[in-house]
There are 2 protein chains.
Amino acid sequence: MTTIDASPLRGQERPGPRRQEVVTGIKDYILRNRLKPGDLLPTETELCEAVGASRSSVREAVKILSALDIVEVRHGHGTFVGRMSLNALVESLAFRGLLSGEEDHHVLGQVVDVRQTLEQGLAAEIIAVLDGDHRAQLSALVDQMEDLAAQDKDFLEVDRAFHVKLMEPLGNDLILQLTEAFWQVQAIVAPTLRTEPEHRVITAQRHRAIVDAVTAGDPAVLRAAVAEHYAPIRESIARAVQG
Amino acid sequence: MTTIDASPLRGQERPGPRRQEVVTGIKDYILRNRLKPGDLLPTETELCEAVGASRSSVREAVKILSALDIVEVRHGHGTFVGRMSLNALVESLAFRGLLSGEEDHHVLGQVVDVRQTLEQGLAAEIIAVLDGDHRAQLSALVDQMEDLAAQDKDFLEVDRAFHVKLMEPLGNDLILQLTEAFWQVQAIVAPTLRTEPEHRVITAQRHRAIVDAVTAGDPAVLRAAVAEHYAPIRESIARAVQG
DNA sequence: TGGGATTTGTACGTATGTATA
DNA sequence: TTATACATACGTACAAATCCC
């Protein structure tokens with residue numbers, strides 16, 4: 001059977017490997033055996049004897065790897081190679097945003113900057129690759145926004161779907177996941193400044209303008225529409241800093 | 001002293017809180033007490049009695065938080081509020097890149113896409129805010145590149161410093177850290193395709209072109225220079241996919 | 001210089017909850 | 001339903017690192 005081989009018995013009296021060695025040992029095991037997301041890893045007990053560490057150390061190492069979504073633990077089932085999401089980025093950034101406090105929203109402002117930069121920077125590519133089908137789906141999402149706005153309801157999920165759908169045709173999974181990750185961070189951190197009902201109608205209009213800009217096919221117009229879209233949240237942040 | 005209060009004794013026979021509750025309990029403690037990065041947290045023993053969990057559970061929870069750089073543990077000293085870096089993003093993304101394998105460099109390609117998008121998308125802002133001092137520093141870094149290239153030496157660190165310095169005047173910490181994070185991911189994943197010595201001279205030239213474009217003050221020229229800068233790595237990826 | 005106190009790191013044993021067959 | 005395999009949780013003891021006197 002394949003061994004973990006984290007410490008190839010160098011030196012002589014080695015009482016026990018450290019937790020970090022177990023972490024790299026497990027990562028090396030995954031790489032060496034060419035495991036893919038979803039593949040099963042050895043049980044904790046097997047990992048213990050393979051790496052020559054105690055259960056505690058192995059468990060703490062596995063917890064670190066699960067926090068990074070490199071492995072995924074299912075109670076009573078086993079440990080598997082993780083889906084490699086960007087949850088770690090979301091958790092880390094979101095907590096940083098919450099920590100920066102209610103009065104100081106500079107982290108939230110920076111997240112908005114990044115989101116706007118990505119969407120504006122990809123304006124030309126989006127227009128180039130976005131086909132009629134995608135445009136129709138975006139338009140349908142805006143329709144939903146308008147309906148929900150008319151009923152004085154939130155449309156957080158629709159908003160998320162819109163920004164993801166906008167990036168989808170690019171065919172870049174990383175950009176897609178970053179888009180969703182930063183959206184999530186904003187959704188977690190922003191609640192301190194609550195969206196007012198009348199803003200929803202305006203927000204829906206801004207999204208409609210983005211779809212129109214994509215349809216028009218002018219990157220400069222799309223960039224302007226994106227800037228307009230983020231204007232309200234920027235104003236909210238500016239107001240929160242003052243008052 | 002303040003308690004953690006993760007599980008306010010709801011129900012009756014509660015054998016023990018789950019690890020996730022301990023995680024949120026510690027996060028809440030940090031937020032509730034308005035702790036800042038570097039501040040000291042209670043000892044593990046204190047956390048145990050505060051949250052009513054065993055030391056093993058508390059330790060595993062702390063390990064999760066330390067993986068996200070929300071807390072930082074120093075052996076024999078204590079546990080502190082973390083620096084909130086993007087190390088979690090780097091580790092997660094880098095491992096994903098390594099896992100995607102030597103033959104399939106699509107993750108690396110996506111990272112390059114994001115880096116290029118950020119630099120191109122911020123071209124106008126960079127030109128607007130970059131002053132003579134920063135320009136001189138960028139120019140000095142390119143000088144170093146040229147010197148090292150002439151000596152057939154790597155200039156990885158100088159390259160990293162250049163791309164960070166380019167973003168610095170924007171005054172957005174998040175963009176700065178993302179720049180460095182994606183650079184690190186590329187540095188970890190790219191070694192499978194080794195940079196050839198003759199490429200270094202060209203690489204230095206491409207960085208010189210970026211400085212020149214910034215000096216010229218034309219965003220379109222800067223965007224073109226950035227595209228040229230990433231062209232070699234893109235070709236390397238394309239070659240690796242085929243051969 | 002050193003030694004004791006504090007705090008995290010590691011190890012081991014046992015019992016329990018959970019999913020699968 | 002029972003049995004098995006696995007992760008989860010708790011508790012204790014000791015080792016290692018850091019700090020302070």
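Throughout, a chain's letter reflects where its sequence line sits, starting with A, and its residues are numbered from 1.
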Checklist entry - Looking for any heavy atom pair under 4.0 Å, which part of the strands does A:R55 touch: base, sugar-phosphate only, or nothing? => result base

Whole angstrom value for the distance that separates [atom2] of [N] from [atom1] of [X]:
{"X": "B:L40", "N": "C:dT6", "atom1": "CG", "atom2": "P", "answer": "15 Å"}
{"X": "A:E46", "N": "D:dC6", "atom1": "CD", "atom2": "C1'", "answer": "11 Å"}
{"X": "A:E44", "N": "C:dT18", "atom1": "CD", "atom2": "P", "answer": "16 Å"}

Can you see if the side chain of [X] gets near the phosphate of [N] - specifically, an N or O under 4.0 Å from OP1 or OP2?
{"X": "B:S56", "N": "D:dG11", "answer": "no"}
{"X": "A:T45", "N": "D:dC6", "answer": "no"}
{"X": "B:K63", "N": "C:dG9", "answer": "yes"}

Item to check | Interatomic spacing from CD in A:Q116 to OH in A:Y230 - rounded to 0.5 Å | outcome: 7.0 Å

Checklist entry - With a 4.0 Å cut-off, would you call A:R200 and A:D154 a salt bridge? => result yes

Item to check | Closest-nucleotide 5' rank along DNA chain C - winner of B:H77 and A:R19 | outcome: B:H77

Next on the checklist: Nearest to the B:T43 side chain among D:dA9, C:dT8, C:dC12, which nucleotide is it?
Outcome noted: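 Among the listed nucleotides, the one closest to the side chain of B:T43 is C:dT8.
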
Checklist entry - So, for B:H134 and B:D131, which heavy atoms are closest and what is the spacing to 0.1 Å? => result N-OD1, 3.0 Å

Next on the checklist: Among residues at least two apart in sequence or on other chains, which ones pass salt bridge (Lys or Arg N to Asp or Glu O under 4.0 Å) with A:D113?
Outcome noted: A:R234

